[in-house]
Amino acid sequence: MFSILLVLLVIVAVMMIGLILLQKSEGSGMSGSSAASMFGGALTGAAAGNFLTRATAWLATIFFVLCAALALVAAKSDMAAQQSGLRNEIIMQENAETEPLAEPLAQDTENQTK
């Protein structure tokens with residue numbers, strides 16, 4: 001689950017970077033030649049700006065949702081690992097406490113039978 005979300009996050013980030021670079025800035029930017037050649041001139045002027053702005057907003061929203069989902073998945077997996085580690089430590093301590101008691105009892109019974 002974590003790796004799927006991570007791959008989706010990287011894909012959305014790359015797409016968002018591309019859309020941001022295509023947008024028209026106060027300077028000349030990259031949007032002048034690449035947007036017209038990439039979309040065949042269909043996205044020029046106000047329509048291109050409106051579409052690119054909305055697409056960027058949607059991708060940014062998806063990006064933040066994926067970040068939150070990744071944080072939740074990572075926190076749950078870390079918590080599960082910590083709990084299993086704690087459980088193993090408790091079991092080892094319980095075994096360590098019972099084993100030394102069993103050995104002297106076995107030795108005492110051997111001494112009494114001789």
Hphob cluster co-occupancy, Leu9 + Phe64, side-chain heavy atoms under 4.5 angstrom:
yes
Can you tell me how far OG of Ser3 sits from CG of Leu8, rounded to the nearest 0.5 angstrom?
10.0 Å
Which atom pair, heavy atoms only, marks the closest approach of Leu22 to Leu52?
O-CD1, 3.8 Å
Answer with yes or no whether the hydrophobic clustering places Val73 together with Ile11; edges join I, L, V, M, F, W, Y residues whose side-chain heavy atoms lie under 4.5 Å apart.
yes
For the hydrophobic clusters of this structure (ILVMFWY residues joined by side-chain heavy atoms under 4.5 Å, transitively), does one cluster hold both Leu6 and Leu59?
yes
Quick check on the hydrophobic clustering: are Ile4 and Met15 connected, directly or via other members, by side-chain heavy-atom contacts under 4.5 Å?
yes
For Met16, I'd like to know if atom CE has over 12 heavy atoms of other residues, nucleotides or ligands within 6.0 Å.
yes
Go through it in stages, so that I can follow the logic: the residues are Leu66 and Leu70, the test is side-chain contact (heavy atoms from CB on, under 4.5 Å), and I'd like the CA-CA distance, side-chain angles, deciding distance and then a yes or no.
CA-CA 6 Å; Leu66 285 173; Leu70 268 171; 5.5 Å; no
Verify the cluster assignment for Val65 and Val12: are they in a single hydrophobic cluster under the rule of side-chain heavy atoms below 4.5 Å apart?
no
Do Gln23 and Thr56 get their side chains close enough for a donor-acceptor pair, meaning under 3.5 Å?
yes
